[in-house]
Amino acid sequence: MRICFILNPTSGTNRTQDVPALLAQHATEAGAEFEIRPTEYAGHAELLARQAAEAGCRVVVAVGGDGTVNEVARGLLGTRAALGIVPRGSGNGLARHLHLPLDLPGAVQRACAPRFQRMDAGRINGHWFFCTAGLGFDAHVSRLFAQAGTRGLATYVKVALREYGRYQPTAVQVQLENQELLDTHCYVLAFANAAQYGNNAYIAPRADIQDGLLDLCLIDALPVWRAVRVGVGLALGTLPTSGGAQFHRSHHIRVRAAAPLGFHVDGDYVADATNFEVELRPLALEVAV
């Protein structure tokens, strides 16, 4: 079984490690036939993943954060290769949902001797996501987090706390596929394929990556009392019973906003828009777990 490790050299906070050497060491110990290909620019991992699949690699491993995982997964859609993950990011949402090892030796060993399963994949305005996508405050924070200059949970929390008092919800209409129409406001509208954002922050703890449905988490406003409930619910995985958010399930969602709203895919800010179309492609991606 041939394996390709696609390495984002800028991922992770520990820059003293010789990650290529560690990947080679542990893959060799596992008896794998492998290659390591570093990315050189944003979006490069998608191209490298597609090339690796075309060259016959059975497993293509994203070595990086959620953005790298997203790029590699996009490149593998419609191929016979499976996505593996060696998590090196700030949140590692999909790796955590799949219960993959978070340490490099364990993750490499798992990638070299995996079992395979398929998972759903989502799209919002043509952009693929595999863990979560969303509108509103989380996208706003994602945009500013990318500009912060440093990574990690501490930086993300700092940005979120700074922006909490400044951000205002936007009026939206949410059309679910069962024809239910919600006239509401959006502070956060999350579309969850997997259960968490990352760092064990469970935005939709009941989400299932194989059920053919997206779990929608709607927070229409976030006064202090609700922010406390949401924070505790995210940490404990009890958000659906916290009284801090509404939940719905749907395969296809349309959203119309009264003013431009930012949106993100797998934690990376994409753009602002007023109209959104969100859909799920059942079992579109094979993963090595």
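We use all heavy atoms of the structure for the numbers below, so side chains are in, but hydrogens, waters and symmetry mates are not. Position 1 is the first residue of the sequence; numbering continues from there. Predicted model only: the values in this text are computed from it and were never measured.
- Within a 6.0 Å sphere centred on CZ of Arg162, heavy atoms belonging to other residues, nucleotides or ligands number more than 12.
- Closest approach of Asp211 and Arg249 over heavy atoms only: OD2-NE, 4.4 Å.
- Residues Val19 and Leu7 meet the side-chain proximity criterion, which asks for heavy atoms closer than 4.5 Å.
- For the pair Ile203 and Gln196, the minimum side-chain heavy-atom distance is 4.5 Å or more.
- A donor-acceptor pair under 3.5 Å is absent between the side-chain atoms of Arg80 and the main chain of Gly56, judged by distance alone.
- At a cut-off of 3.5 Å, with distance as the only test, no side-chain donor of His252 or Gln175 sits close to an acceptor on the other residue.
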* Check step by step if side-chain contact (heavy atoms from CB on, under 4.5 Å) holds for Leu285 and Leu76. => CA-CA 7 Å; Leu285 178 70; Leu76 298 182; 4.1 Å; yes

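- A donor-acceptor pair is defined here as one N or O able to donate and one able to accept, closer than 3.5 Å; no such pair exists between the side chain of Asn92 and the backbone of Ala95.
- We find the SG-CG distance between Cys4 and Leu48 to be 7.0 Å, quoted to the nearest 0.5 Å.
- By the 30° and 60° cut-offs, the orientation of the rings of Phe145 relative to Tyr156 is perpendicular.
- No side-chain donor-acceptor contact under 3.5 Å links Tyr187 to the backbone of Pro223.
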* **Verdict with supporting geometry, Ile3 and Cys57, side-chain contact (heavy atoms from CB on, under 4.5 Å)** => CA-CA 5 Å; Ile3 300 173; Cys57 290; over 6 Å; no

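- Salt bridge status for Glu163 with Arg166: present, with a side-chain N to carboxylate O gap under 4.0 Å.
- Looking only at atom types and distance, the side chain of Tyr197 has a donor-acceptor partner in the side chain of Asp138 under 3.5 Å away.
- Electrostatic pairing of Glu46 and Arg50 counts as a salt bridge here, judged by a charged N lying under 4.0 Å from a carboxylate O.
- Closest of all the heavy-atom pairs between Met1 and Pro114 is CE-CD, 3.7 Å.
- To the nearest 0.5 Å, the span separating CD on Glu279 from CG on Leu214 amounts to 9.5 Å.
- Both Leu144 and Leu135 sit in one connected hydrophobic cluster of ILVMFWY residues. Membership requires side-chain heavy atoms under 4.5 Å apart, directly or through other members.
- Taking all atoms of both residues into account, the shortest heavy-atom contact from Ala81 to Val60 is CB-CG2, 4.0 Å.
- Judged by distance alone, the side chain of His26 and the main-chain N or O of Val108 form no donor-acceptor pair under 3.5 Å.
- Between Met119 and the options Ile209, Leu283, Val289, a side-chain contact (heavy atoms from CB on, under 4.5 Å) holds for only Ile209.
- Residues Asp183 and Arg256 are not paired through a salt bridge, judged by the lack of any N-O separation under 4.0 Å between the basic side chain and the carboxylate.
- You'll find the side chain of Ser242 reaches within 4.5 Å of the side chain of Leu239, heavy atoms only.
- Not a single donor-acceptor pair under 3.5 Å links the side chain of Asp268 to the backbone N or O of Val265.
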* Test Leu189 against Phe191 for side-chain contact (heavy atoms from CB on, under 4.5 Å), laying out the working first. => CA-CA 7 Å; Leu189 180 56; Phe191 309 102; 3.7 Å; yes

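- Ring geometry for Phe137 versus His140: interplanar angle of 30 to 60°, hence tilted.
- Note: Arg226 CZ to Ile219 CD1 = 8.0 Å, rounded to the nearest 0.5 Å.
- Side chain of Asp266 to backbone of Asp66: no donor-acceptor contact under 3.5 angstrom is found.
- Considering all non-hydrogen atoms of both residues, Gly93 and Cys131 come closest at C-SG, 3.7 Å.
- Put simply, Val188 and Val270 are part of the same group of oily side chains (I, L, V, M, F, W, Y) that touch within less than 4.5 Å, one to the next.
- Listed for the Arg143 side chain is no donor-acceptor partner under 3.5 Å among the backbone atoms of Ala271.
- Between Pro205 and Pro240 the shortest side-chain heavy-atom distance falls below 4.5 Å.
- The main-chain N or O of Trp128 is found under 3.5 Å from a side-chain atom of Asn70 such that the two form a donor-acceptor pair.
- Residues Ala49 and Ile6 come closest through the heavy atom pair N-CD1, 3.3 Å.
- Hydrophobic clustering (ILVMFWY, side-chain heavy atoms < 4.5 Å, transitive): Phe247 and Val172 are in one cluster.
- With contacts defined as side-chain heavy-atom distances shorter than 4.5 Å, the pair Leu261/Cys186 qualifies.
- Remark: Arg74 CZ to Phe129 CZ distance equals 13.5 Å, nearest 0.5 Å.
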* Does the pair Tyr269 and His264 meet the rule for a ring pair (Phe, Tyr, Trp, His ring centres under 6.0 Å), with working shown? -> CA-CA 4 Å; Tyr269 169 80; His264 75 89; 9.3 Å; no

* Asked: Arg88 and Asn8: side-chain contact (heavy atoms from CB on, under 4.5 Å), yes or no, with the steps?
  -> CA-CA 9 Å; Arg88 299 271 304 160; Asn8 181 350; over 6 Å; no

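- Within the model, atoms NE2 of His248 and CG of Leu216 stand 7.0 Å from one another, a figure rounded to the nearest 0.5 Å.
- Taking 4.0 Å as the cut-off between side-chain N and carboxylate O, Glu286 and Arg58 count as a salt-bridged pair.
- Once rounded to the nearest 0.5 Å, the distance linking CD of Gln51 with OG1 of Thr79 reads 13.0 Å.
- Proximity of a side-chain donor or acceptor of Asn193 to a complementary backbone N or O of Asp120 within less than 3.5 Å is detected.
- A donor-acceptor pair under 3.5 Å links the side-chain atoms of His251 to the main chain of Leu280, judged by distance alone.
- Contact between Phe34 and Ala27 at its shortest, heavy atoms only, is CD2-CB, 3.6 Å.
- Hydrophobic cluster membership is shared by Ile85 and Val72, with clusters built from Ile, Leu, Val, Met, Phe, Trp and Tyr side chains linked at under 4.5 angstrom.
- No chain of hydrophobic side-chain contacts below 4.5 Å, direct or via other Ile, Leu, Val, Met, Phe, Trp or Tyr residues, connects Val278 to Phe130.
- By the 4.0 Å N-to-carboxylate-O rule, Glu177 lies too far from Arg254 to be salt-bridged with it.
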